[in-house]
Amino acid sequence: MKRTRVRFAPSPTGPLHMGGVRTALYNYLYAKQNGGDFVLRIEDTDSHRFVPGAEKYIIEALRWCGIYPDEGVDEQGNMVSVKSERHPHAPYRQSERRAIYRQYAEQLVEAGWAYYAFDSAESLEKARADAEARGETFIYNWSTRERLCNSLTMSAEECAARLKESSGWTVRFKMPKDRIVKMDDLIRGHIEVNSSTLDDKVLWKRADELPTYHLANIVDDHLMEITEVIRGEEWLPSLPLHYLLYEAFGWERPRFAHLSLLLKPVGNGKLSKRDGDKLGFPVFPMKWTSPEGEVSHGYREDGYFPEAFINMLALLGWNPGTEQEIFSLEELVKAFSVEKVIKSGAKFNPEKAKWFNKEYLRSKSDEELAALWMSELEERGVLAGSRVLAGSGVLAGSGVLAGSGEPSLATPEKVREIVALIKERATFVSDFWNISWYLFEAPKEYAPKDVAKFWKSENVEPALQACKECATGEELEEWIRSRELPMGKIMNCIRLVLSGSGSGLGIGDIIRFIGHDEVLRRWETAVEVLGR
RNA sequence: GGUGGGUUCGUAUAACGGUUAGUACUCAAGAUUCUCAAUCUUGCAAUAUGGGUUCGAUUCCCGUACCCACUACCA
């Protein structure tokens, strides 16, 4: 049995988007499930579209997701250029492999599977325009190659002379006429295409003296002993070419699986960078700043847990056939199967992404969540031991957590207790503050709508009296009940005083955290601001 | 235009050719609570379309419509 080897081969033309992450994930799951290798290869044969930083971003993004390539990337997160036991197929960047490809292009020409073409960009453009004028479509293949400028239409001498000139040349694949190419896809099943409809694809580019994707890809997949190619659907139309290339080289071909595309949440079409910015959700795993300075959101910075992100992505276009929805990476490795990958494109649903994060958030321990929240609390200056407000150098004195009666700051212990109280109400750690800020600071203003509703003397007087006499939520309830006063109205009046609005945590909980003295202090402020 | 792929509630999806077409998200209602959130219960809501094969079709075949991808010396 051959060892399973798959690869993820992105092009560093920009940040990896979530569709790319999903492709990488499926490859990774497939490799691990079969005890095989997951290789990362960088396909940078397009020198014009190269974007600095993109490669680094891709590697970092995969690491954030917990996807570590077995081959191609070293422990420091750099692409490997030198062969070693761990990385026997180095280099893994195609630009560093340029010397390898040339011979294969020539081999194909010698074997009659390809030919040299000398047509200028202008002449091809003209041919296209002429065809269009006649209402036809120009296609460089069996139907036209006899009339164009290539090694098939000129003498060997002339061709040799042309090759010596600096004018440049390309190598084109000589797509056979009328061959039914029979293909099999792990996801889509059997597919047949008549080769007559295909064109003579350029294999070797004159422009930068590099192979095109098609050549480099097949050569590298062969050299790197790839057994399964799992890639995006956009490659399906070139699958016949790739089949024929394997045949031309006489190589055993890998098995193929073409993944459907990720579609935008509304309307049609594939998910693009623009949609995210427009509809307010990230399409990238991490924040990305383009060389021009344009910033795009990332799941990481927006507060998503990598496990939630990965889980959500895994179920977008695949499901195990059971009703389980929450999967760890290890569970995904066990449950995944390419055959169950959905054929049709999946519209991405940002709401569901949030739901996943919420699920993961509540499954985390209070300690872990508290730890994640600490830096924000520190910046806000409400933490015991962090006296200085970030940037301002002002002493933090507004913290009022229960204790001595003097304004006091939150201890890690308190923070953990607060987290336990609020985590079920949050989707992100960044929601915590909005939910619980009034446990750390006294409200400075009061929601007008709730003031109008609850700040009435028939509520205010008993509410104040109750707060003076009771130290806990239970006592308060008993106090109100025994006097047969309207519970909701009185409680909301108190909540208004304590939190500045008519909605939020339970009164008992608030009092427990801020203490009785602080309750009375907040009453003083409220009466001052709102009158009686 | 050509070639290929696709089509089950709004979204993601389930259903050996036999199910009251299931589940989750969203939404709505009710329960609960001092409010909100959470939670629980209930509800709304789908097999694109026309033929065929079959005792029986979401499932198999053909046509149509619609959507997507590809159609570069991009990947």
Side-chain angles (χ1 to χ4, degrees), chain A residues 9-13 43-46 48-49 117 119-121 124-125 128 132 135-139 168-172 183 185 187-188 191-194 196-199 201-214 216-217 231-240 258 260-261 263 265-270 312 315-325 342-356 358 362 422-426 435 450 453-454 473 476-477 480-481 486-496 499 501-508:
Chain A
S11 174
T13 53
E43 308 223 325
D44 54 350
T45 53
D46 184 359
H48 304 290
R49 290 207 305 157
D119 312 88
S120 65
L124 289 175
E125 219 160 280
R128 282 194 190 97
E132 199 173 334
E136 295 164 14
T137 312
F138 172 78
I139 177 164
W169 43 268
T170 66
V171 172
R172 280 183 184 268
M183 300 162 286
D185 184 281
I187 296 168
R188 283 150 213 284
I191 301 168
E192 294 189 1
V193 173
N194 188 324
S196 290
T197 64
L198 272 18
D199 67 338
K201 273 273 174 293
V202 169
L203 262 22
W204 188 270
K205 297 182 280 183
R206 159 174 43 200
D208 35 24
E209 301 198 312
L210 240 30
T212 58
Y213 169 86
H214 304 290
N217 187 266
R231 72 215 316 187
E233 190 182 52
E234 67 269 27
W235 294 111
L236 198 51
S238 40
L239 186 58
H258 289 86
S260 60
L261 266 18
L263 272 21
V266 293
N268 298 311
K270 63 177 173 182
M312 177 273 292
L315 264 68
L316 206 52
W318 169 84
N319 90 74
T322 66
E323 275 171 14
Q324 184 179 354
E325 287 201 276
I342 312 303
K343 294 185 182 75
S344 52
K347 274 192 182 184
F348 168 63
N349 182 201
E351 289 303 323
K352 188 83 183 205
K354 283 185 186 162
W355 176 80
F356 272 108
K358 191 185 269 185
R362 52 176 57 186
I422 63 174
K423 71 173 178 181
E424 303 254 304
R425 311 164 85 99
I435 297 170
D450 295 318
K453 210 164 159 193
F454 301 114
L476 215 46
E477 260 185 72
I480 298 165
R481 206 182 311 278
M487 184 68 76
K489 285 178 181 170
I490 306 293
M491 282 300 203
N492 273 312
C493 181
I494 298 173
R495 179 175 290 102
L496 181 66
S499 76
S501 93
S503 62
L505 296 167
I507 298 294

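Here is how names work: the chains are called A, B, and so on, in the same order as the sequence lines, proteins then strands, and each is numbered from 1.
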Spacing of the C1' atoms in B:A57 and B:A48 (rounded, Å): 16 Å
Whole-Å P distance, B:C60 and B:A24: 27 Å
Identify the residue among A:K343, A:E233, A:R231, A:E234 that makes a side-chain hydrogen bond (donor to acceptor under 3.5 Å, both in side chains) with A:H258. A:R231
Using the C1' atoms only, state how far B:G18 lies from B:G51, rounded to an integer number of Å. 23 Å
Would you mind reading off the distance between A:L261 atom CG and B:A75 atom C1', rounded to a whole angstrom? 13 Å
Could you encode protein contacts along nucleotides 29-43 of chain B as a string, one character per nucleotide from 5' to 3', using B for base contact, S for sugar-phosphate-only contact and - for no contact, with a heavy-atom cut-off of under 4.0 Å? -----BBBBSS----
For B:G5 and B:G50, measure between their P atoms and round to the nearest Å. 24 Å
Length of the CG-C1' vector between A:L203 and B:A72, whole Å: 14 Å
Could you tell me how far B:U19 sits from B:U59 if I compare only their P atoms? Round to whole Å. 13 Å
Its contact letters, B for base, S for sugar-phosphate only and - for none at protein heavy atoms under 4.0 Å, make nucleotides 2-17 of chain B read -SSSSS---SSSS---
Quick one: label A:T170 by what it contacts on the DNA or RNA (base, sugar-phosphate, nothing), any heavy atom closer than 4.0 Å. base
Taking atom P in both B:U41 and B:U49, what distance in whole Å separates the two? 34 Å
With a non-hydrogen cut-off below 4.0 angstrom, is A:T45 in contact with a base, only sugar-phosphate, or nothing? sugar-phosphate
Expressed as a whole number of Å, how far does the C1' atom of B:U11 sit from that of B:A45? 12 Å
Is the number of heavy atoms from other residues, nucleotides or ligands under 6.0 Å of A:K347 NZ greater than 12? yes
Dump the pairs, protein N or O against N or O of nucleotides 62-64 of chain B, anything under 3.5 Å, distances to one decimal.
none

For atom C1', what is the distance between B:C34 and B:A14, given to the nearest Å? 43 Å
Sugar-phosphate, base or nothing in reach of A:W204, heavy atoms under 4.0 Å: nothing
Under 4.0 angstrom, heavy atoms only, what part of the nucleic acid is A:D450 near: base, sugar-phosphate, or nothing? nothing
For A:W355, all residues meeting ring pair (Phe, Tyr, Trp, His ring centres under 6.0 Å), sequence neighbours excluded: none
Let me check I have this right: for RNA chain B, each base becomes ., (, ), [, ] or |, based on Watson-Crick or G-U pairs with both distances under 3.5 Å. What is the full string? (((((((..((((....[...)))).(((((.......)))))....(((((..]....))))))))))))....
Output the rounded distance in Å from CG (A:D199) to C1' (B:U71). 7 Å
Give me the ring orientation class for A:W235 and A:Y213: parallel if the planes are under 30° apart, tilted from 30 to 60°, perpendicular past 60°. parallel
Are the side chains of A:L236 and A:R188 in touch, meaning some heavy atoms are under 4.5 Å apart? yes
With A:F356, which residues qualify under ring pair (Phe, Tyr, Trp, His ring centres under 6.0 Å), at least two apart? none
